[in-house]
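Right, one structure below, let's go through it.
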Amino acid sequence: MRIIVLMKEVPDTYGERTIDLETGLLKRTEAEPVLDEITERALEVALRHREAQPGTEVVLLSVGPEGSLPTTLRKGLAMGADRAVHVQDPALLGADLTLTAQVIAAAAKQIGFDLVIAGNVSTDGGGGALPSMLAELLGVAGLAALSSVQIDELTVAGRVNTDVERYDASADLPAVISITEALPDARFPNFKGIMAAKKKPFDTLDLQALGLAPGEEDARSIVISAAARPARSAGTRIVDEGNAGEQIAEFLAKNQLIKGH
Amino acid sequence: MSSNSGNPILVLVDTSPEGQLRAGAAELLGAAASVGSAVALAVAPSGQAERLAGELAELGAQRVLVAGSEAFGAEVIAPLVDALAAAYAQVQPEAVLAPNSIRGRDAAARFAARASLALAVDTVGIGRDEEGIIAHHSVYGGAYLVDSAASTGALVATLRQGSSEARAQAQPVQLEPLAVQPSGAPDAVATSREEAVIESSRPDLRGADIVVSGGRGLGSGENFSLVESLADALGGAIGASRAAVDAGYVPQTMQVGQTGVTVAPQLYIALGISGAIQHRAGMQTSKTIIAINKDPEAPIFDVADFGVVGDLFTVVPQLVEAIEGKRAN
Ligand SMILES: Cc1cc2nc3c(=O)[nH]c(=O)nc-3n(C[C@H](O)[C@H](O)[C@H](O)COP(=O)(O)OP(=O)(O)OC[C@H]3O[C@@H](n4cnc5c(N)ncnc54)[C@H](O)[C@@H]3O)c2cc1C
Ligand SMILES: Nc1ncnc2c1ncn2[C@@H]1O[C@H](COP(=O)(O)O)[C@@H](O)[C@H]1O
């Protein structure tokens, strides 16, 4: 079985993330680029399956600019993935979800797969839509936001927990799934893994290699304006001397925040 | 803008597999009616159309389309996508709006891919400029406000639940037939399903005016009753940090933050939450923030309007009593 894991590079959420107000695009230089944690968990799902089913091949796939991404993606190889495919092309600068999904679909077809595993939502303003778009473009079943996953030769299944309902669902392979952070944290790469990663196959493709030529007239989501909101500042801070509860109640009452008072 | 019968905006509303309307329809129809004429689309088993049409007209739908589907619920997503495709062809809307729920965005994303339309996800509202419909986004935890639009064609957008206050006026009931041709696209099947137990006396976390959240500082799931007591004293909803979710104190659906729910209530109270940047990303646009934490260095104090350095196990019971005292007189 071949599993493709969709890895995304994002600015580290622990850092200051900024947007270029001219272009509306993320400023790539400000926060350190890292693998989005949720995509590391997606990789963990694939690696655990390979441990149980040694015939499994785990391929990383990522679309993003050159620069730091190849290094970032190596971490996934060091964790244990078998090989990586990086799609990059100047024409992809500022690509919207639709274009990104089209590119990932073309690459996934070229690689070939039984299962694609993605994160449910990206931390860099992604909207949890890409895996669904991908399933539609590939013409395969999809399961979004799984908080548990069972994979066998023919099917993938899991549980979906929402605010309003819970259900178990199953799909025939090939399929695309996305997972939530209810799934286990990813393993750390060990020294052996880091050394081995240097020798693992790493392919870089551009749009031409995928047979894609995105047209000017295609429908795209475009940013038309961006503005920074003023940062919040700290207000009053007190140290409890035995009556802090009463003081908060005073504050609430003064600000009309106690209903029926 | 209820007399505006041009510029149709197609709105997919959330229904249960039995055909009951779920929360959020009023918000979606309100947002749609603020820029055009709201056309509601619901997917439900047969026999529900008349009732749904009445309920949706009451919430502001000028026209209602009901896609009859017995398969919805068993088939996970195809019935919704097929219904969107059929309704889109019939209505030819300027924009398509769906809830940013797991199912809502799954359906919207698949439909946008199928119809080759631009997609805007997790919007906090829609508007209009000279060239058509625009989508408003609040990104990086509300640090930026970004507007987007479709370069061409209709825009498909999902609306963040609880983000929009506009409500539409009730409309006369207008139910239109809709024939859906099942695409036969491969789909997942639900093997078992249960409705979540909704604590009816408490408001929904999304869209609540008041949210009281607890973190790892609570120390256990049982101690979360302290968070509940304060939430109930104020009539608020309950939230949590990821550490509290990971420790199993509360279910994941309560998580506030970057990878959880984003809230922007009138009042947010953080109990035993350090205020890591990923937690702040989900609550820092709240109007008023109160924090109780025993660590004076906790970053939550950087965004709190009123911060108390103290032990939540003594401060919260006193606070609940003081609130009840104030209400009593
Ligand atoms: C990609 C990514 C996404 C994330 N997404 C989210 C998210 O969506 N939401 C989220 O919340 N976090 C998220 N996190 C995790 C985040 O970084 C923090 O780990 C988490 O918010 C910490 O939760 P906490 O404040 O409850 O726990 P801690 O950081 O352990 O803080 C507990 C606090 O309780 C205080 N305390 C303890 N006892 C008491 C007492 N008796 N009285 C008063 N105060 C007390 C302590 O002083 C401390 O400040 C994410 C992290 C990553 C990497
Ligand atoms: N550029 C990308 N390259 C590879 N995978 C991606 C990319 N963008 C999104 N994904 C995958 O899709 C998931 C959901 O992304 P999003 O729809 O952006 O929230 C992510 O967790 C990734 O697994």
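Below, each value reflects all heavy atoms present in this structure, side chains not excepted, and no hydrogens, waters or symmetry copies. Below, chains carry the letters A, B, ... as their sequence lines are ordered, and counting in each starts from 1.
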Could you look at [X] and say if it's the side chain, the backbone, both or neither that has a heavy atom under 4.5 Å from chain A?
X: D129(B); result: side chain
X: L119(B); result: both
X: L155(B); result: neither
X: P251(B); result: neither
X: L205(B); result: neither

- request: Write down the atom of S138(B), the atom of R160(B), and the distance for their closest heavy-atom approach.
  value: O-NH2, 3.4 Å
query: V320(B) and S229(B): which non-hydrogen atoms are nearest, and at how many Å?
result: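 The pair with the smallest heavy-atom distance is CG2-OG, 3.8 Å.
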Pairs of heavy atoms under 4.5 Å with chain A: top-ranked of [options]:
options: V303(B), D122(B), D187(B), V316(B); value: V303(B)
options: E195(B), R242(B), Q284(B); value: R242(B)
options: V146(B), V121(B), D305(B); value: D305(B)
options: I102(B), V76(B), V139(B); value: I102(B)

Is it the backbone or the side chain of [X] that comes under 4.5 Å from a heavy atom of chain B, or both, or neither?
X: E250(A); result: both
X: Y14(A); result: both
X: S225(A); result: both
X: I224(A); result: both
X: D172(A); result: neither
X: V164(A); result: both
X: E217(A); result: backbone
X: N161(A); result: backbone
X: L134(A); result: neither
X: I19(A); result: both

Side-chain contact, heavy-atom cut-off 4.5 Å: [X] with [Y]?
X: M1(A); Y: L173(A); result: yes
X: I117(A); Y: L6(A); result: no
X: F111(B); Y: L80(B); result: no

query: Would you find more than 12 non-hydrogen atoms of other residues, nucleotides or ligands less than 6.0 Å from E165(A) atom CD?
result: yes
- prompt: Take atom CD in E194(B); do more than 12 heavy atoms of anything else shown fall under 6.0 Å from it?
  reply: yes
Heavy-atom pairs under 4.5 Å with chain B: which of [options] has the most?
options: S170(A), A171(A), A228(A); answer: S170(A)
options: L143(A), V140(A), T98(A); answer: V140(A)
options: L137(A), T123(A), I222(A); answer: I222(A)
options: A135(A), A182(A), A145(A), S122(A); answer: A135(A)
options: T155(A), V239(A), I238(A), L97(A); answer: I238(A)

Heavy-atom donor-acceptor pair, D82(B) side chain to S183(B) backbone, under 3.5 Å: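 Side chain of D82(B) to backbone of S183(B): a pair is present.
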field: N255(A) side-chain N/O to L257(A) backbone N/O, donor-acceptor pair under 3.5 Å
entry: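 No.
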query: Going through the checks in order, is the side-chain hydrogen bond (donor to acceptor under 3.5 Å, both in side chains) test met by D168(A) and T191(B)?
result: CA-CA 6 Å; D168(A) 293 308; T191(B) 45; 5.0 Å; no
query: How far apart are the C-alpha atoms of E44(A) and D185(A), what are their side-chain angles, what is the distance that settles it, and do they pass the side-chain contact (heavy atoms from CB on, under 4.5 Å) test?
result: CA-CA 7 Å; E44(A) 182 66 29; D185(A) 226 336; over 6 Å; no
- prompt: Considering the options L312(B), V309(B), D311(B), T314(B), which one meets the side-chain contact (heavy atoms from CB on, under 4.5 Å) requirement together with D240(A)?
  reply: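 Result for side-chain contact (heavy atoms from CB on, under 4.5 Å) with D240(A): T314(B).
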